[in-house]
Amino acid sequence: MAALTTHSTDHKTNTALLTFKQFGCTRDSRVLFEGIDFDIYAGDVVQVEGPNGTGKTTLLRALTRLLPDYEGEILWRGKTLSHAHYDFLSQLLFIGHLPGIKKTLTPRENLAFLSSLNGTSTLSDIDDALAQVGLYGYEDMPCYQLSAGQNRRIALARLYLTKALVWVLDEPYTAVDVAGIKKLEALFEYHAKQGGCVILTSHQPPNIRDLKHLSLTDYSGGDSSSASVIEGAYDE
Amino acid sequence: MAALTTHSTDHKTNTALLTFKQFGCTRDSRVLFEGIDFDIYAGDVVQVEGPNGTGKTTLLRALTRLLPDYEGEILWRGKTLSHAHYDFLSQLLFIGHLPGIKKTLTPRENLAFLSSLNGTSTLSDIDDALAQVGLYGYEDMPCYQLSAGQNRRIALARLYLTKALVWVLDEPYTAVDVAGIKKLEALFEYHAKQGGCVILTSHQPPNIRDLKHLSLTDYSGGDSSSASVIEGAYDE
Amino acid sequence: MSNSQSLSATLLSVFRRDLVIAFRQRSDMLNPIVFFLMVVTMMPLGISPQASTLAQLAPGLLWVIALLACLLSLDGLFRTDYDDGTLEQLILSPQPLYFIVIIKALVHWLTTGLPLTLVAPLLGVLLALPSDGFIPLWLSLLLGTLTLSFVGAIGAALTVSLRKGGLLLSLIIMPLYVPVLIFGASTVRSAVEGIPYTGALAVLGMFCALALMLAPLAIVGALKMSVQE
Amino acid sequence: MSNSQSLSATLLSVFRRDLVIAFRQRSDMLNPIVFFLMVVTMMPLGISPQASTLAQLAPGLLWVIALLACLLSLDGLFRTDYDDGTLEQLILSPQPLYFIVIIKALVHWLTTGLPLTLVAPLLGVLLALPSDGFIPLWLSLLLGTLTLSFVGAIGAALTVSLRKGGLLLSLIIMPLYVPVLIFGASTVRSAVEGIPYTGALAVLGMFCALALMLAPLAIVGALKMSVQE
Amino acid sequence: MGWQWFHQLGSPRWFYEKTSRWMPWIGAIALILLVVGAVWGLAYAPVDAKQGNSYRIIYIHVPAAFLALAGYYIMAIAGAVGIIWQMKLSYTVMRSAAPIGATLTFIALVTGAVWGKPTWGTWWVWDARITSMLILFFLYLGVMALQGAYQNQNTANKAGAILALVGTINIPIIYKSVDWWFTLHQPATLKLTGESSIDPSMAYPLLIMIAGFYGLYAWLLMHWTRMDILHSEQKTAWVKALVSSK
Amino acid sequence: MTFQFNSLIDFLNMAGHGPYVWASYAITTIALVTLVVYPLMQKKQIIAQIRRQQRISNPPE
Ligand code: HEM
Ligand SMILES: Nc1ncnc2c1ncn2[C@@H]1O[C@H](COP(=O)(O)OP(=O)(O)OP(=O)(O)O)[C@@H](O)[C@H]1O
Ligand SMILES: Nc1ncnc2c1ncn2[C@@H]1O[C@H](COP(=O)(O)OP(=O)(O)OP(=O)(O)O)[C@@H](O)[C@H]1O
Ligand SMILES: [Mg+2]
Ligand SMILES: [Mg+2]
């Protein structure tokens, strides 16, 4: 646990980008996790960990305020998130379980639209980004003709276009092949080195230097009977 | 490639369960793969491999005849699949990208329905299977209140109930945590030892003894110009 | 082994599940009725509140609206099953899809056509339908909505893999509904006018039998085709 | 930096995308019209083929059916965006959702209400609408369908996270549609009867202005609530 | 397998090459018939006693109505053949038949409406035949919309074929129902002139026009099918050779 | 068989029914011509597309 609160990266500034203070989420009166104190600095890559159903997705959605009910506080550059909401949104890129790809559009059209939501990009930028994720030659195919992994890759191509500081990614590796994952990890490291931060969930251990871990099992609500039962079931 | 055609498992019978003969698939007049000759025996666990968009899902769907257009032949116990279709279906369990879980039903109801499609199971069997996949205590929650991984686990619980010989699983590890994957792999090995066979796709290398590989990159259509371009993009 | 699994057990399980889903979202079950009720209330607002005018229109209006209510509830018949992959599982079941499909259409009728039929007399009162019309209205709707469910299921199956099926479904199905509408409405009108209506009712019965037998074939074909998209 | 991204560029991109989607599935754009046409066809079959009867019903029927056509096309307004996660992305965009929502409702009107208005005179011919009624029909539908699109979008936003929204949506929205229906139909009726109709038309215009301003607020709230499910 | 190969690959090319020899002949015959029939009907056929010159519309109205109906069956049969024998060419014919049939239905409806104005004083009446024709138009639109909605060609074909077949069972039912409904409820105030025996001097041009429309239909069907073949076979060697030889 | 009208004006007018008759024939002609032309235009596009692809796949030496 000590490793979580002392930070070993050296390129960070003094104030954290994001600060969780006594942060906790409750769903259906079941405490998922509580009392999280955690700082995320520029240059961090944070993996939110925990077995299925511990609340990783819930945490990410609360952070992006898609789910506004939580306990404790989240600070964005020292200011309460609800006050700095606009400023935070303009620095945020979120890719969830559902990536927002329209099947009738082509990869190029999809990416152009998604990237226009937080930034302007030229057409050649877009084509470059698609080429980066291995979709060269597929730019003009309707997306329903692409495979599961190819569709995910379109959403991930946003990472090459965005200027957002904070990347929040819920299981970005889903359906992506080995070469793709390797490339993504290099990108995360690069983004961190540039002064951004990445918060991701994954059940595959990412191969990233200086990865910080936020393990939800450490914070899981102790008093909830069902939660402990599940852990028992996992470990058998 | 030699490893693919000589089989090193020892508990197999003489005739293969499934035989691919000069098997190939074409989508939109682009050859995905062709000329596959491959035997699957009782006791085999086969991983279909290949980067995104090479046609793994297509192969599995063609095998289950959800996609009836393919070239070459598939034999089920020596008979053409289209003739032995009923016999094959009664020995098949397929779990695709979409697992068939109804969000308004509870895990117990979902599993009861899905398992009734190819076999009868008692209620206590169903509860046991749910406990096996770590859903003890969640049996009566509506599924929209479960996490991504928990929903996948319901579908995977069918594996504990079915008596089908052939398991066809498209990315079964999606959203499942590390402990869950370990348990699944043990189950696959057990099923293989019992004389069944498992055909799965995954981008994570499964940790299974005697795993056979069917790598689609070896069979990918050579004359298709777009395919070769893409491979170039991957390898950069 | 699963070979010994009897067909009836699977069918029962499909039947039970579809009913449970319908009842769980209880508001959905009431929806066709509420739609029926609402359009019926709109008609006087749009046209004329006079009882004499309404009485003349009642047989036709009630039937047209019942038909629309059926039509609009069709979209969900296979849609959710397609979206979550259940349809694939049904197709891959060793049990014949033909019977499964019959069960599903039947449940659709039980949860839309039947309740609609049950409340129709009430709406007849709202539209000042003469009292002679009530029993024929009831009988014609009973037979007619069953036909509508089965014929409509063909359209639902054909459009299930399309992303925006709703109105395309109407376009496909409405021409096929015309004969049912004609005989349904004229059963009620004949009764109101004192003409014997058993002939028209018999034709409705014939349509129903035809639909019960032939529609499942088309539905099975359409569903198998849809999963290939 | 993305801060410098101007609002108008995002709005333009939303506008263009929604139109492209509508045009790509070109048949979808025709659907409301065809639905309109079909229900109009059914009315004579259900009620009476006589021109004199039909002429009397025409104003009300045309309006009720146009309203239904609008209503039924609403379901897809936010549904597909919700299903594939686009809605989350729109909410997380630093641009105000208020304007994005206006654009989306506007595109909905351009692809349903407007074409419906354009073909309405043709359907007036089918229902033997007297020639005095055509211009008021046209004007009232123009203002009315715009209102319907905006008001309907509230219902679409409220029901977007429910699995079977279709009929529930009708239930929520129809009461809100009633005032529009009443004034719309009476505009046409007055014109046919030779009474001045500008008053009713003015009220429709007022509804329209009100909806354009207030509905987006409700829609934004409803959408934000829907993603929390 | 051998047969499948023959159906799937052999036929379109065979069709394309054969029809390029037939089409000029069929087109020429159809054109001559149409021109002769139209000129005769418009200028030389006698004036109708009751309806005056407006009846001259019959020379396009009736042939169009005939072929609109026949076209639906052609489309449905092509669809059935496609489903049963998995024949690509047959689906192509089905796809082509839909817009042609819909256009002919549209012509019948519009010319009928225009005819109605001078004859009945109104553009539209609800009458059994007219109503049936309108419903036929919807059936065509449905098939076309369904085919257009699917992006996968294979699925689009099957969907269209299934709907066309369901429609064929329904067309006679629809016609009978509508007919029964109107004879029951419509006082016989309006009658198309159909029953009254038509004078031979008026009938000859009509027969010529009908023959001309049949020829035109055949020509159009081939024309559309050939275009469709070019489109769906554009990756094959023979189409490439064909294009580069031009 | 005789020409039924006294003059060309007469022929065009058709005793008042001219507009209806000529409108019908005109609409029919337009619709039929569309049926003929539409595939021709598509064919042109397809051929251009094939040509383009051929040019890409075997560039001139
Ligand atoms: C919108 C209006 C109309 C439509 C949709 C329509 C439709 C049809 C159809 C479908 C047929 C062919 C039926 C068959 O042969 O099986 C037909 C035939 C015919 N129509 Fe019309 N019609 C319309 C208006 C009129 C009018 C106004 C007239 C003349 C007053 C007319 C005169 C005829 C005649 C003479 C035939 C030939 C009947 C026969 O050979 O048996 N139609 N029409
Ligand atoms: N409906 C379709 N129509 C045309 N082409 C398709 C269709 N679906 C998939 N394809 C193409 O087929 C190829 C293989 O797709 P498939 O889904 O089988 O890939 P996959 O190996 O499962 O990939 P992934 O690892 O991303 O799941 C893809 O390149 C895709 O472009
Ligand atoms: N809408 C909801 N209503 C009530 N409870 C919910 C809801 N969604 C999720 N939960 C509960 O919250 C818990 C955490 O869910 P969450 O989706 O955050 O898990 P997760 O850590 O992302 O799991 P996974 O690894 O499977 O994606 C689960 O146990 C689930 O039962
Ligand atoms: Mg999750
Ligand atoms: Mg796949």
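Below, chain A is the first sequence line, B the second, and so on; all start at residue 1.
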(message) Could you report the tightest heavy-atom contact between D:P94 and A:Y86, atom names first, then the distance?
(response) O-CE1, 2.9 Å

(request) Counting only heavy atoms closer than 4.5 Å, note whether D:D81 contacts chain A via side chain, backbone, both or neither. (result) both

(request) May I ask you to say whether D:D84 pairs ionically with A:K103, meaning some side-chain N is under 4.0 Å from a carboxylate O? (result) no

(message) Is it the case that the side chain of D:R17 and the backbone of A:L105 share a donor-acceptor pair, with hydrogens and angles ignored and the cut-off at 3.5 Å?
(response) no

(message) Can you give me the closest heavy-atom contact between A:L98 and D:Y82, atom names plus distance?
(response) CD1-O, 4.4 Å

(message) Nearest 0.5 angstrom please: D:T10 OG1 to A:F113 CZ, how far?
(response) 9.0 Å

(request) Calculate, to the nearest 0.5 Å, the distance between atoms CG and CG belonging to D:L92 and A:L66 respectively. (result) 4.5 Å

(message) Under 4.5 Å from any heavy atom of chain D, what part of A:T58 do you find: side chain, backbone, both or neither?
(response) neither

(message) Below 4.5 Å, heavy-atom pairs only: which of D:V14, D:I91, D:L12 has the largest tally toward chain A?
(response) D:V14

(message) Can you confirm whether more than 12 heavy atoms, excluding those of D:I135, are under 6.0 Å from its CD1 atom?
(response) no

(request) Give, for atom OG1 of D:T86 and atom CD1 of A:I101, the distance between the pair rounded to the nearest 0.5 Å. (result) 7.5 Å

(message) Going by side chain to side chain donor-acceptor pair (under 3.5 Å), name the pairs with one or both residues in residues 206-228 of chain D, residues two or more places apart or in two chains.
(response) none

(request) Give, as side chain, backbone, both or neither, the part of A:R61 having an atom under 4.5 angstrom from any heavy atom of chain D. (result) side chain

(message) Quick check for you: to the nearest 0.5 Å, what is the distance between A:L117 atom CG and D:Q95 atom CD?
(response) 8.5 Å

(request) Sequence neighbours left out, what pairs pass ring-ring contact (aromatic ring centres under 6.0 Å, His included) with at least one residue falling in residues 61-81 of chain A? (result) A:F23-A:Y70, A:W76-A:F88

(request) Determine whether D:Q89 and A:R158 make a side-chain contact, defined as any pair of heavy atoms from C-beta on separated by less than 4.5 Å. (result) yes

(message) Would you say that more than 12 heavy atoms from the other residues, nucleotides or ligands in this model lie under 6.0 Å from the OH of A:Y160, or not?
(response) yes

(message) So for D:L87, is it side chain, backbone, both, or neither that comes closer than 4.5 Å to the heavy atoms of chain A?
(response) neither

(message) Please classify the contact between A:L93 and chain D as side chain, backbone, both or neither, with a heavy-atom cut-off of under 4.5 Å.
(response) neither

